[in-house]
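Everything below concerns the one structure shown next.
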Amino acid sequence: MPIAVVYNAGRVLDETSDAIDYVNVLKGKWNEESRFDQEKDKTQFRDYDAACDRVKNFYKEQHEKQTVEFNIKARVEFNSKKRARMGVWEAMEMLNTLVDESDPDTNLSQIEHLLQTAEAIRRDGKPEWMQVTGLVHDLGKLLSMFGSQGQWDVVGDTFVVGCKFSEKIIYPHTFEGNPDSQDVVYSTRYGIYEPHCGLDNVMLSWGHDEYLYHVLKDQSTLPEEALAMIRYHSFYPWHREGAYTHLMNEKDQKSLEAVQAFNPYDLYSKSDGSCDPVKLRPYYEGLIAKFFPTVLDW
C-alpha cells in the first residue's frame with residue numbers, strides 16, 4: 001500500500017476521533033455520578049419528619065386540593081393566555097422574592113438556589129446544556145406571581161392525579177381530604193390510564209415543573225434529557241421512591257436516568273456557599289443566549 005494512502009487513512013481516523021471527542025465534551029458525560037456531593041451527609045436533606053409546621057401545612061393543603069378537576073382547569077388556563085414576555089435572567093430576578101414553603105432544606109432566595117445548582121453542575125464538568133438547565137429549572141415558580149391560587153399549585157413534590165395516590169408520596173395520609181381518593185375510578189390502581197401508557201399521557205399535579213416544561217419545549221434548543229429534568233425534577237415518588245412503574249413506557253426509562261442524574265445537583269447544592277449573581281451573570285448570560293431566544297412568552 002502506498003505510504004500516502006496509509007497517511008491519509010490515518011489522518012481521517014484521527015480527525016474522526018477528534019470529532020467524536022468534541023461531541024462527547026458538548027453532549028456527553030451528563031449521566032456520570034455526581035462528585036460535588038461525595039462528602040455530604042445526605043441524611044440531613046428531605047427530613048420531612050422533622051419539618052416545621054409551615055411545610056406540613058403546605059403539603060396537607062396541596063394534597064387536598066390537587067384534584068383531576070383542578071388539573072384540567074389549570075391546563076386550560078395555561079393554554080388560553082400568556083402572562084408575560086421577558087428574558088431568562090429577567091425572569092430569575094423577578095422570582096427572587098419567593099421563598100418556597102414546601103422546602104425543608106433552605107430559606108435562600110430562588111436566584112441563589114438556581115445559581116447553586118448550576119455551579120455544582122459546572123464544577124463537575126457537565127455539559128453546558130445541563131448547566132443552563134440547572135440555572136432555569138425552577139423558573140416555573142413564576143406561577144406564584146401569575147395568578148396562582150397559592151403555593152400549593154406551584155411548588156412541592158408532584159404526583160399523578162387520576163389514579164390511586166401512591167403511598168410513597170410524603171404525608172400520604174393527608175390525601176384523605178382529597179375527593180378523588182373516594183372516587184370509584186380515580187381511586188383505583190390505573191384510574192383513567194392504561195398500563196404502561198407512558199408519563200407523557202398522564203396528568204401530574206400542576207405546578208412549576210409542568211408549567212416550565214410547556215413554556216420551554218417550543219422556545220428553547222434544550223435536548224430531551226434537559227426537558228425531562230425540568231418536567232420531572234419534583235416527581236420524587238417516581239424518581240426516588242420507585243412509584244408508578246406500572247404507568248411507564250420505554251421512553252420513561254431514559255427520562256428517569258436523566259432526572260436521577262440531575263437530582264443531586266438540585267437537592268444537595270442547597271448547603272453550598274452563597275453565589276454572587278453579579279459576578280456569575282456574564283457567564284450564564286452567555287449560556288442563556290446559546291439555548292434561548294432573547295425574549296420568551298411566559
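As the structure is a computational prediction, the values presented were derived from the model and not from experiment.
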Same cluster (ILVMFWY, side-chain, under 4.5 Å), [X] and [Y]:
X	Y	answer
Phe70	Leu143	yes
Phe159	Phe58	no
Val136	Val155	yes
Ile230	Val259	no
Tyr171	Phe235	no

Closest non-hydrogen atom pair between [X] and [Y], with its separation:
X	Y	result
Glu194	Leu247	O-CD2, 4.0 Å
Ala118	Gln131	CB-O, 3.5 Å
Ser181	Glu176	OG-O, 3.9 Å
Val160	Cys163	CG1-SG, 3.7 Å
Met130	Ile121	O-CD1, 3.5 Å
Thr158	Pro237	O-CD, 3.3 Å

Going from [atom1] on [X] to [atom2] on [Y], what distance comes out if it is rounded to the nearest 0.5 angstrom?
X	Y	atom1	atom2	answer
Asn71	Trp206	CG	CH2	8.5 Å
Ser220	Phe292	OG	CZ	5.0 Å
Asp124	Ser34	CG	OG	6.5 Å
Leu267	His233	CG	NE2	11.0 Å
Thr133	Leu227	OG1	CG	7.5 Å
Glu224	Lys217	CD	NZ	12.0 Å

Is there a donor-acceptor contact under 3.5 Å from the side chain of [X] to the main chain of [Y]?
X	Y	answer
Asp157	Ile169	no
Lys82	Asp297	no
His196	Met248	yes
Asn96	Ile111	yes
Asn31	Ala261	no
Asp180	Tyr186	no
Lys126	Glu32	yes
Tyr211	Trp298	yes

Exercise for review: I would like to know whether Phe291 and Val88 meet side chain to side chain contact (heavy atoms under 4.5 Å, CB included); could you show each step before the answer?
Suggested key: CA-CA 10 Å; Phe291 295 95; Val88 168; over 6 Å; no

Review point. Are Arg231 and Asp200 close enough for a salt bridge, meaning some N to O gap below 4.0 Å?
Key: yes

Practice item. State whether Glu77 and Lys81 are salt-bridged, where the test is any N-O pair (Lys NZ or Arg NE/NH1/NH2 against Asp/Glu carboxylate O) under 4.0 Å. Key: yes

Review point. Do Leu199 and Leu204 pass the side chain to side chain contact (heavy atoms under 4.5 Å, CB included) test, and can you show the C-alpha distance, the side-chain angles, and the key distance before you say yes or no?
Key: CA-CA 9 Å; Leu199 297 182; Leu204 294 182; 5.6 Å; no

Under 6.0 Å between ring centres, would you say that holds for [X] and [Y]?
X	Y	value
His63	Phe165	no
Phe78	His214	yes
Tyr244	Tyr193	no
Tyr232	Trp238	yes

Exercise for review: For atom NZ of Lys254, decide whether the heavy atoms of other residues, nucleotides or ligands shown that lie under 6.0 angstrom number more than 12.
Suggested key: no

Practice item. Please say whether more than 12 non-hydrogen atoms of neighbouring residues, nucleotides or ligands are located less than 6.0 Å from CD in Glu285. Key: yes

So, [X] versus [Y]: side-chain donor-acceptor pair below 3.5 Å or not?
X	Y	result
Ser234	Asp209	yes
Tyr284	Glu119	yes
Arg75	Asn79	no
Asp266	His113	yes

Point to revise | side chain to side chain donor-acceptor pair (under 3.5 Å) evaluation trace for Asn178 with Gln66 | key: CA-CA 8 Å; Asn178 187 311; Gln66 285 277 359; over 6 Å; no

Point to revise | Pairwise side-chain contact, Val215 with Gln219, heavy-atom cut-off 4.5 Å (strictly under) | key: yes

Exercise for review: For salt bridge (Lys or Arg N to Asp or Glu O under 4.0 Å), just list the numbers for Glu69 and Lys73, CA-CA rounded to whole Å, side-chain angles, deciding distance to a tenth of an Å, and then say yes or no.
Suggested key: CA-CA 6 Å; Glu69 181 181 9; Lys73 288 180 179 178; 3.4 Å; yes

Point to revise | Among Trp129, Tyr265, Tyr213, the one residue meeting side-chain contact (heavy atoms from CB on, under 4.5 Å) with Met229 | key: Trp129

Study note, to complete from the structure: Result for side-chain contact (heavy atoms from CB on, under 4.5 Å) between Trp152 and one of Glu64, Gln62, Lys60 points to Gln62

Study note, to complete from the structure: Between Lys141 and the options Gln151, Gln110, His208, the side-chain hydrogen bond (donor to acceptor under 3.5 Å, both in side chains) test singles out Gln110

Practice item. Go through Ile72 and Met203 one step at a time and tell me if the side chain to side chain contact (heavy atoms under 4.5 Å, CB included) criterion holds. Key: CA-CA 9 Å; Ile72 292 173; Met203 281 194 297; 4.1 Å; yes

Review point. Does Arg122 count as lying over the ring of Tyr283, i.e. NZ or CZ under 6.0 Å from the six-ring centre, within 45 degrees of the axis?
Key: yes

Review point. Hey, what's the ring geometry for His239 with Tyr236, parallel, tilted or perpendicular (30° and 60° as the breaks)?
Key: tilted

**Study point:** CA sep, side-chain torsions, deciding dist, call: Leu135, Ile288, side chain to side chain contact (heavy atoms under 4.5 Å, CB included)
**Key:** CA-CA 9 Å; Leu135 185 72; Ile288 290 167; 3.9 Å; yes

